[in-house]
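Take a look at the structure set out below.
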Amino acid sequence: MSLFISFEGGDGSGKSTQVRALVEWLEKVGHDVVVTREPGGTPMGNAIRDLLLHGGEMGARAEALLYAADRAHHVDSLVRPALKRGAVVVTDRYLDSSVAYQGAARDLGTDEVRDLSLWAVGGLLPDVTFLLDLPAAAAAERASRRSGGQLDRLERAGAEFHDAVRAQFRALARREPQRFYRLDATRPIEDLAHEIREVVVGMFEERRRGDRREDGSFVESGDTVEAAQGGHA
């Protein structure tokens, strides 16, 4: 039973920790799972990731286009084939990161960056997006501690930049409550992992029942979070 799950949040918010916890549980209960990340989910993506995070300074438009190129290749070569065979795909970042980082914090325009990203992926959106919401100052402290002070190009962007990223993620969650599930990332790791598992279990159960909307059509990708958990954006 395929499911497309993304994790979003600022650097240091705990996304990668929760990705690992969810993937371990999914595999333990017998699901075919593909875990990936953006940028860098493919060999080509790793080369682009190195340019984006550790290369020289670049213009905001070049940055956005590199992310879009990675995303287009990532979806075509990895995500769609996995979903087609019935796997659960879990990605650490997806197109919402571009909307927050390049669209808002780089002032390129959120609608423009979202349109570019949607075009790159042929309109593919996750079934659920878990937003790990953490104040930018706390996230920066975590990121610095994790890296031993060796921050990448985006992590060095400064408090104003990261405040704008967080504000945009929260705005996206309010705009799409049917897809986003916002979590207070200051909570204990295991509490968050348990809540995430509960949401995913609810989505699987809903898929198995084949729940229908009021108009008689079946629930499809992007329509499941509110039905499963009453929303949390």
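Only this structure's heavy atoms are used, side chains among them; waters, hydrogens and symmetry mates stay out.
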List the residues meeting side chain to side chain contact (heavy atoms under 4.5 Å, CB included) with [X], not counting sequence neighbours, and say none if there are none.
X	answer
D32	R85, A87
A72	A120
S77	T42, H73

How many angstroms lie between atom [atom1] of [X] and atom [atom2] of [Y], to the nearest 0.5 angstrom?
X	Y	atom1	atom2	answer
D92	R20	CG	CZ	9.0 Å
L116	R114	CG	CZ	12.0 Å
L124	L83	CG	CG	6.5 Å

Report whether [X] and [Y] are members of the same hydrophobic cluster (ILVMFWY, side-chain heavy atoms less than 4.5 Å apart, transitive linking).
X	Y	result
L52	L65	no
W119	V121	no
V199	I189	no
F161	F169	yes
V19	V33	yes

Cationic N near anionic O, under 4.0 Å, [X] to [Y]:
X	Y	answer
R71	E38	yes
D70	R93	no
R197	E24	no
R179	E176	yes
E195	R187	yes
R175	D111	yes

Evaluate the side-chain proximity of [Y] to [X]: yes if any heavy-atom separation is below 4.5 Å, no if none is.
X	Y	result
Q18	F130	no
V201	E205	yes
D184	D133	no

* To do: Using ring-ring contact (aromatic ring centres under 6.0 Å, His included) as the criterion, point out the one residue from F4, F7, Y67 that pairs with Y94.
  =>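 Looking at F4, F7, Y67, the match for Y94 under the ring-ring contact (aromatic ring centres under 6.0 Å, His included) is F4.
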Could you report the tightest heavy-atom contact between [X] and [Y], atom names first, then the distance?
X	Y	answer
D96	L172	O-CD1, 3.9 Å
G9	Y101	O-OH, 4.0 Å
K15	E8	CD-C, 3.3 Å
L132	S13	O-CB, 3.5 Å
V200	L26	CG1-CD2, 4.3 Å
L95	S117	CB-CB, 3.6 Å

* Asked: In terms of the angle between their ring planes, are W25 and H31 parallel, tilted or perpendicular, with boundaries placed at 30° and 60°?
  ->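 It falls in the tilted class, 30° to 60°.
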